[in-house]
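Worksheet: the structure to be examined is printed underneath.
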Amino acid sequence: MQGERLQKVLAGAGLGSRREIESWIEARRVTVGGRVAKLGDRATPGEEVAVDGKAVNLSKSTQPRVLLYHKPVGELVTRSDPEGRATVFSRLPPGRWVAVGRLDINSAGLLLFTDSGELANRLMHPRYEIEREYAVRVQGVLKREDVERLTAGVQLDDGLAAFTRIRAMEEKKATGTNRWYRVTLREGRNREVRRLFEAVGARVSRLVRVRYGPLELPRNLDPGRWLELDSGSLQGLLKS
């Protein structure tokens, strides 16, 4: 039996994301059958695989867990911060959680966590084009040509980017020069929403992620709190 790539197998066992595990392999922290593994190696459920000398149970087959977390402004999406700033992981229940994407320190809203590196990879990979939706407060009113440009495509320093949808949020009362918009993307590049608005001369003063794929930020979920998906909602996410 040829088996599957080592990083995929270990991600499926909930040890971390594929990218993180690839860095472990490169750092010679992973062994297969007692020998140091290298990138490209494969493993089967019957093989002896260890990380930092600790055996991993590859036969473990459990339903992944997914948490919905309402990230407040001011928290970092990192496990630890040298400056001692608050991190999202300090709020989560015990477990080996993998963040699905990121939100920068000045952004808030829905952030997903899972104990399955394989599921995290699928939810983040551009190939699956999973939508992310945001409520964005912008200083000033966008002109028609601005909206057309933002949906047609803007050349950023890391490639072409565009909103799949953008609309003014009439239900949100305008305050001074500020206006609210609802925007949708099918990828999650670093600060992409902010950079798109900056490309047309607008400045984002508040950004809240309100949806990731089929999952919406619950109205009753306060900032800094989390809830775990029930079985029915999890199956809907896996099917999507």
Side-chain angles (χ1 to χ4, degrees), residues 1-69 77-80 87-89 92-103 110-132 158-159 185-190 192 209 211-215 226 228-240:
M1 185 182 295
Q2 188 177 24
E4 293 186 293
R5 288 194 180 272
L6 191 54
Q7 60 266 37
K8 181 178 180 180
V9 172
L10 292 177
L15 269 69
S17 68
R18 288 194 201 180
R19 184 173 298 177
E20 184 179 16
I21 292 167
E22 285 173 356
S23 70
W24 298 351
I25 296 171
E26 290 177 331
R28 299 172 62 84
R29 295 173 55 191
V30 182
T31 59
V32 180
R35 62 174 178 77
V36 176
K38 61 182 183 300
L39 286 177
D41 282 355
R42 296 175 179 269
T44 60
E47 288 190 282
E48 294 181 4
V49 178
V51 177
D52 295 332
K54 185 176 180 180
V56 178
N57 182 10
L58 298 183
S59 62
K60 180 182 177 182
S61 179
T62 59
Q63 185 168 258
R65 296 175 65 192
V66 175
L67 302 180
L68 277 65
Y69 178 68
V77 185
T78 184
R79 295 187 184 278
S80 63
T87 74
V88 294
F89 286 94
L92 302 183
R96 193 189 295 271
W97 299 109
V98 180
V100 178
R102 292 178 177 272
L103 288 171
L110 180 61
L111 190 60
L112 304 183
F113 292 88
T114 177
D115 62 354
S116 167
E118 179 63 20
L119 177 58
N121 182 69
R122 286 178 173 270
L123 289 171
M124 289 186 286
H125 202 288
R127 169 170 86 236
Y128 298 103
E129 296 189 333
I130 295 178
E131 286 190 340
R132 290 87 156 156
D158 55 356
L185 286 168
R186 285 202 176 101
E187 56 184 356
R189 282 185 258 168
N190 184 41
E192 189 169 3
R209 183 190 284 155
R211 181 171 64 86
Y212 198 107
L215 301 176
W226 59 268
E228 184 166 353
L229 278 190
D230 58 31
S231 180
S233 299
L234 178 59
Q235 290 306 313
L237 174 64
L238 296 176
K239 288 178 181 178
S240 69

Rounded to the nearest 0.5 angstrom, the CG-CG distance for Asn190 and Asp158 is 8.0 Å
Separation between OH (Tyr212) and CG (Leu123), nearest 0.5 Å, reads 5.5 Å
Test Leu229 against Leu215 for side-chain contact (heavy atoms from CB on, under 4.5 Å), laying out the working first. CA-CA 10 Å; Leu229 278 190; Leu215 301 176; 3.9 Å; yes
Under 3.5 Å: donor-acceptor pair, side chain of Arg186, backbone of Ile130: no
One should read off an interatomic distance between Leu10 CG and Arg18 CZ, to the nearest 0.5 angstrom, of 11.5 Å
(Q) Donor-acceptor pair, distance only, cut-off 3.5 Å: does the side chain of Asp115 make one with the backbone of Arg65? (A) yes
TODO: Check step by step if side-chain contact (heavy atoms from CB on, under 4.5 Å) holds for Thr87 and Arg79.
DONE: CA-CA 7 Å; Thr87 74; Arg79 295 187 184 278; over 6 Å; no
Rounded to the nearest 0.5 angstrom, the CZ-CG distance for Arg211 and Leu110 is 10.5 Å
Check: Is the number of heavy atoms from other residues, nucleotides or ligands within 6.0 Å of CD (Glu48) greater than 12?
Finding: no
From the list Glu22, Arg19, Glu118, side chain to side chain donor-acceptor pair (under 3.5 Å) partner of Gln7 resolves to Glu22
From the list Phe113, Trp97, Tyr69, ring-ring contact (aromatic ring centres under 6.0 Å, His included) with Phe89 holds only for Phe113
Q. With no hydrogens and no angle check, is any side-chain donor or acceptor of Ser233 less than 3.5 Å from a backbone partner on Asp230?
A. no
Between the CG atom in Leu6 and the CD atom in Glu47, the distance rounded to the nearest 0.5 Å is 9.0 Å
Q) Is there a donor-acceptor pair under 3.5 Å between the side chain of Arg189 and the backbone N or O of Glu187? A) no
Heavy-atom closest pair (Leu234 atom, Pro64 atom, distance to 0.1 Å) is CD2-O, 3.0 Å
Taking the side chain as every heavy atom from C-beta outward, state whether Leu119 and Leu238 have any atom pair closer than 4.5 Å. yes
Check: residues 25-37 side-chain donor-acceptor pairs under 3.5 Å, at least two apart:
{"residue": "Arg29", "atom": "NE", "partner": "Asp52", "partner atom": "OD1", "Å": "2.9"}
{"residue": "Arg29", "atom": "NE", "partner": "Asp52", "partner atom": "OD2", "Å": "3.3"}
{"residue": "Arg29", "atom": "NH2", "partner": "Asp52", "partner atom": "OD2", "Å": "2.7"}
{"residue": "Arg35", "atom": "NH1", "partner": "Asp41", "partner atom": "OD2", "Å": "3.1"}

Residues Gly101 and Val77: closest non-hydrogen pair is O-CG1, 4.2 Å
_Steps toward side-chain contact (heavy atoms from CB on, under 4.5 Å) verdict (Glu228, Val66)_ = CA-CA 6 Å; Glu228 184 166 353; Val66 175; over 6 Å; no
